[in-house]
Structure formats: C-alpha cells, structure tokens
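By convention in this document, chain letters (A, B, ...) are assigned in the order of the sequence lines, proteins followed by strands, and residues within each chain are numbered from 1. Only this structure's heavy atoms are used, side chains among them; waters, hydrogens and symmetry mates stay out.
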Amino acid sequence: MTLFDSVQKTKRLFIPLQEGKVSLYVCGPTVYDDAHLGHAKSALVFDLLTKVLKADGYDVTYARNITDIDDKIILKAQEQKKSIQEITDFYTDAFHKEMQAIGVSRPDIEPKATESLDAIYQLIQSLIDSQHAYKTLEGDVYFDTSSDSAYLSLSKRVQDEDDKLQRVESSSNKKNSADFALWKSVKDGSVTFESPFGSGRPGWHVECSAMIEKHMACGNKKYALDIHGGGADLLFPHHENEAAQTRCATNHDLANYWMHNGFVNIDGQKMSKSLGNSFFLKDALKVYDGEVLRFYLLSTHYRSNFNFNEEDLLSSKKRLDKIYRLKKRLFGLSHEEKTTPFQDELLKALNDDLNISSSLALIDEMLSKANEILDTTGKHKELKRDTLSNLAYIEKLLGFGVKNPFEYFQFGVDEDTKTKIAELILQRDEAKKAKDFALSDKIRDEILACGVNIMDTPQGTFWEKV
RNA sequence: GGUGCCAUCGCCAAGUGGUAAGGCCGCAGCCUGCAAAGCUGCUAUCCCCAGUUCAAAUCUGGGUGGCACCUCCA
C-alpha cells in the first residue's frame, strides 16, 4: 500500500514497524458538542483506512481518543448547570450512535483524557527532568520549544521574528512565544486535578502523546506508531506539539506516517459557529440515510477539501442506488466467498493512497457489466455467484450496500404511507390484468404523488422513494 | 504579512511525462401496454502566457482566480 505522508509531502510505500501489524492513532473529538460533518469525514476516512489495511492482511490496532477534559466542556457544564461527566457522557454516547449510523466501526482502543492522567503526569515529568519543560511562577508548566532543535520540522513552518518579539512582550511568563502549556494551573476552584505539579488541568496536546505512550508505543522502535492521523487543521500546532513532546520525552519519534484529511465546507463556506452554518451529523441523519452520507462523504479523495451540498449528495446517492438495485435483482440468492479479479482490482485501487474515485469507477463498471449479462436470457449461474461475492466484498471493504435493499429504498417513508402504497399497487395490478391501462396509469399517478417511483419486474411491482 | 494547497466536460471527480477513467445531468435507441429500472451509443485536450522535451493536463518560470493554516477546531 502507498500512503501520502503529509510531512514528507509525498506518497510512500507503507512498511509497518512490526511485520504484519499496524498501529494507527487518530485524534478524536472533544466531547462538548454534537459531531458535525467534519468529524464524520475524518472518522469515515480512517474507518476506510483500517478496513483496507485489514483486507491487506494486517493486524490493525486502531486508537481514537476522546478528549473529555477541556475548557469548552467546563463552560458547557456551567451553562447547562450539569456536571462535567453528564456533558461528556452525553456527547460521547451521541458520537458513538451517530458514527454507527454512518457505518463507522468502533476503534480498538478509545482512550479518554480522564483515564490517562497517570501517563500525562509521567510525560510532563520526564520533559521537566530533561529540561524540555519549565514551570512558571504562576504554576503553569510549559514546553520549551527552543530546547527542541527539530521543532517545526513537522509543519515546516518558519518562525516569524517580528511576531515572536511582540508576543513575548505580551506574555512574559513564557520563555518563547511558541511555547505551549503542558499543565495549566487553575486556582478558581473549578475543575482541577491534583498533579505532582500542583492542581490544575492538562494541556490539550500532551494528552495524545501520553495516551500513545500508554496504549500504543511499541518497544524500542524508531517510532511510537505507524500512522498518526487527523484533520488537516491539526498539523499545526497540535501535531507539531505532539511530535515535539514525544521526541523530547522518549527515545523515539511519534509516527512514521502522518495522514491528514481535507476539510468539509458547506455550500462553499467553512463550517463555523460564528457563521451559524455548522452542519451537525444528527441533523443530516434525520434527512438522509446514514449510508448515503457515508457514500457521499467518502466519494471524494480524503485529502481534498470537500464541499457539501445537497445537489451533489443527491447525484452521489444515485450512484449508491445502483449498488442496491443490483442487490435487489439478486435478492434471496445465497452466495459463497470467492475471490474475483474485480476484487483484486478494487483493493489495488484503494491501496493507492485510498483512491476512492478509481474504486467507484471499478464498481460502476462491475455493476453495469453484471446488469448487462442479466438482461440477456440464460442461466447466469456463475455470473450471479461472482456478482454476489463482489457485492459482499464491497460491503466489507467499503461499507456500501450493507442494508436490506428493499428497506434502503424506503428510507423516510412512514408505515401508513407504505400500507397505502401497497394497496394502490394491488389495485393497479387488477387494472393491468383487466388491461384497463387508463385506470392503472391513474393509480400510478396517485402512487407517484406519495413521492415514490414504481417499477414493474418479472418478480412483481416494486417501489422506491424518489 | 508569512506558509502551503488547488484550478480537468453544465455539475461532481480520477489521472501527475506517452497522447483525457467513472458518476450525475442531457440527447438518441433497445426493453416496456405506457412508464420506471436496466442496457447500448453520443458529448472535454485539461485557467492564461512562455519554456523544457521526440512527447505535457502532467515538469519549469510568470500571470490570473479560488482556498486553507498561522488562535480553539476533524
């Protein structure tokens, strides 16, 4: 497999630290609010990556953290007059449910900041011991960026001298403007943890480095991890700082490969609270089937910025529909696992830095070829077997086509309407039998008015929500 | 201001040196009582200019136009 390494800025052949094994760590959500489409995109991308790595035969350990210590969480708790844990439990639970709805598997490890304080203290202490961190008079602990000659090697950023001077003047307690907090002293009596450095709260960046050391780091290798991932915005400063901490506190670097997914914009605009255009997953799920969202959000290469709009979503859905129509065509037939050339090609495409566009093109070609052969007369025993096996492979590898095809096409239609449609179809069949086409067409118009399409097939009349 | 990314058919989107994948939309046809679905066929020389090369959408330089990060952020 080749992966684009966003630090070396090139595609690299993936070679794991330990043969046959892959360790992957992705920055997860801070649980103070609902997940938006950007969280979904990131989770989907790395969900796909793990599925492809597993298909390649790797034993994958995938960790995605939950940040449950944060100023924004505290603020939310105060606003809603709830405990911190009520807030974090609520949003963690919601996150899990929404991720499940878009077919994202749970990571193998899901470390929380509150459960990793021991590792955080240990990491900070070793940074202090090795002179890479210092304590201020106020009781804060900062990482000394000037002590790390490799600082900024990740993002390749250039320190702005003017900017640096200005900031140093404005915050005299830091040695360098770029220094960041490892431990924040808190004296206002709100949420604190008792650490060897006094009571306070951990900084954000230190959390990931500590959790990786605790759960993932493998022995005496050059890197703690094979792959570290996250949103494109995290490269700096978050990942830069994580890398610095790990490099200075341990005898290894953080990750061999760095992957960053592109941003999700809404109708050409960045999602942001101030613009009021945040698109929450839970709202999207009310209108669209979770799998439609999965397909749409994954349909563009993970590194590109993604512009979410309904028109594109609908045309993307039509593509997913075709998978389900073929499933419907072959519904009820049993299948056995079988490797086909199509499956090899599909995996090969995904192994090229998750080239989803090529993968979808291969799927579309497979679908129309299968449909074409099924359209001609004959038994097609072999073709059916291969096709069913191909569809099962797509389900497993990409998570497309996992539902019952009939239910898929009925998303968002209530029971009363379903009953009504069933009755109308019965009436129309009667009219058709009697060759009363004027009446049958009239009934079809009524059915159409319910917002569904109908299709006559040798197996009977089926309907789909438009 | 600093750093970086991007610009391919009406729309979405691959391809990064060897002569433009795929999908949506549209048009024509097959199928159908008529439809729908499915199938077949048709539709671009790659933002502009200059250069390198036998050969460039793909490399180099210069424009123009988008965008992102530099502060919390997936």
Report summary line: Nearest-nucleotide check on RNA chain B, E365(A) vs K369(A); residue mapping nearer the 5' end is E365(A)
Requested in this report: Would you please indicate if the ring centroids of H239(A) and H205(A) are separated by under 6.0 Å?
Outcome: no
Report task. Report yes if at least one side-chain N or O of S299(A) is closer than 4.0 Å to OP1 or OP2 of G22(B); otherwise report no. Result -> no
Report task. Indicate yes or no: at least one non-hydrogen side-chain atom of I109(A) is less than 4.5 angstrom from one of Y25(A). Result -> no
Query raised in the report: Quantified in whole Å, what is the C1' atom distance between nucleotide G26(B) and nucleotide U60(B)?
Result: 40 Å
**Report entry** Contact under 4.0 Å: N355(A) side-chain N or O vs G15(B) OP1/OP2
**Finding:** yes
Query raised in the report: So what does E464(A) touch, heavy atoms closer than 4.0 Å: a base, only the sugar-phosphate, or nothing?
Result: nothing
**Report entry** salt bridge (Lys or Arg N to Asp or Glu O under 4.0 Å) between D93(A) and K97(A), intermediate numbers included
**Finding:** CA-CA 6 Å; D93(A) 190 44; K97(A) 282 181 182 146; 3.0 Å; yes
**Report entry** H228(A)-Y257(A) aromatic ring centre distance below 6.0 Å
**Finding:** no
Report task. Can you check each nucleotide of nucleotides 24-34 of chain B against protein heavy atoms at under 4.0 Å and return B for base, S for sugar-phosphate only, - for none, in 5' to 3' order? Result -> SS-------BB
Query - C1' gap between U19(B) and A44(B), integer Å - result: 15 Å
Query raised in the report: For D352(A) and G15(B), what is the distance between atoms CG and P respectively, to the nearest whole Å?
Result: 7 Å
**Report entry** Identified side-chain contact (heavy atoms from CB on, under 4.5 Å) partner of L182(A) from the options F143(A), Y142(A), W204(A)
**Finding:** F143(A)
**Report entry** Between G29(B) and C34(B) - P atom distance, rounded Å
**Finding:** 14 Å
Query - Whole angstrom value for the distance that separates C1' of C6(B) from NE2 of H301(A) - result: 13 Å
Query - Pairwise 5' ranking along RNA chain B for S155(A) and T300(A), keeping only the more 5' one - result: S155(A)
Query raised in the report: Hey, does the Lys NZ or Arg CZ of R12(A) hover above the aromatic six-ring of F4(A), less than 6.0 Å from the centre and inside 45° of the axis?
Result: no
Requested in this report: Write down the distance between CZ (R329(A)) and P (A36(B)), rounded to a whole number of angstrom.
Outcome: 16 Å
Query raised in the report: Regarding K328(A) and the six-membered ring of F409(A), is the cationic atom NZ or CZ under 6.0 Å from the ring centre and inside 45° of its axis?
Result: yes
Query raised in the report: How far does the C1' atom of A35(B) sit from the matching atom of G10(B), given to the nearest Å?
Result: 27 Å
**Report entry** Base-pairing mate for C73(B) - Watson-Crick or G-U, with both contacts under 3.5 Å
**Finding:** none
Query - For U3(B), the Watson-Crick or wobble counterpart (both distances under 3.5 Å) - result: A68(B)
Report task. Could you tell me which nucleotide pairs with C27(B) by Watson-Crick or G-U wobble geometry, both distances under 3.5 Å, or answer none if nothing does? Result -> G41(B)
Report task. Specify whether H260(A) and W258(A) have parallel, tilted or perpendicular ring planes, treating 30° as the upper limit for parallel and 60° as the lower limit for perpendicular. Result -> parallel
Is there any protein nitrogen or oxygen under 3.5 Å from a nitrogen or oxygen in nucleotides 72-74 of chain B, and what are the pairs?
from	atom 1	to	atom 2	distance (Å)
C72(B)	O2'	K72(A)	NZ	2.4
A74(B)	OP1	H39(A)	NE2	3.1
A74(B)	O2'	G231(A)	N	2.4
A74(B)	N1	V264(A)	N	2.9
A74(B)	N3	G38(A)	O	3.2

Query raised in the report: Is there a side chain to side chain donor-acceptor pair (under 3.5 Å) between Y288(A) and E310(A) once you walk through the steps?
Result: CA-CA 10 Å; Y288(A) 310 112; E310(A) 186 163 27; 2.9 Å; yes
Query raised in the report: Which whole-number value in Å describes the distance from E372(A) CD to C39(B) P?
Result: 8 Å
Query raised in the report: When the C1' atoms of U8(B) and C46(B) are considered, how many whole Å apart are they?
Result: 4 Å
Query raised in the report: Tell me: CG of N307(A) to C1' of C6(B), nearest whole Å?
Result: 14 Å
Query - Integer angstrom distance from the P of A57(B) to that of U52(B) - result: 16 Å
Report summary line: Regarding the side chain of S357(A), the nearest nucleotide among C39(B), C70(B), A14(B) is A14(B)
Report task. Would you mind pulling out the nucleotide paired to U53(B), Watson-Crick or G-U wobble, both distances under 3.5 Å? Result -> none
Query raised in the report: Which whole-number value in Å describes the distance from L346(A) CG to A14(B) P?
Result: 16 Å
Query - Spacing of D353(A) atom CG relative to A14(B) atom P, expressed in whole Å - result: 11 Å
Query raised in the report: So, is R157(A) close to the C69(B) phosphate, meaning a side-chain N or O under 4.0 Å from OP1 or OP2?
Result: no
Query - Centroid-centroid distance, F308(A) to F279(A), less than 6.0 Å - result: yes
Requested in this report: Determine the interatomic distance between P on U40(B) and the same-named atom on C59(B); round to the nearest Å.
Outcome: 35 Å
Query - Atom-pair distance (CG on N371(A); P on G38(B)), nearest Å - result: 7 Å
Query raised in the report: Given the P atoms of U64(B) and G23(B), what is the spacing between them in whole Å?
Result: 38 Å
Report summary line: Checking T114(A), T88(A), T92(A) against I66(A) for side-chain contact (heavy atoms from CB on, under 4.5 Å), the one that qualifies is T92(A)
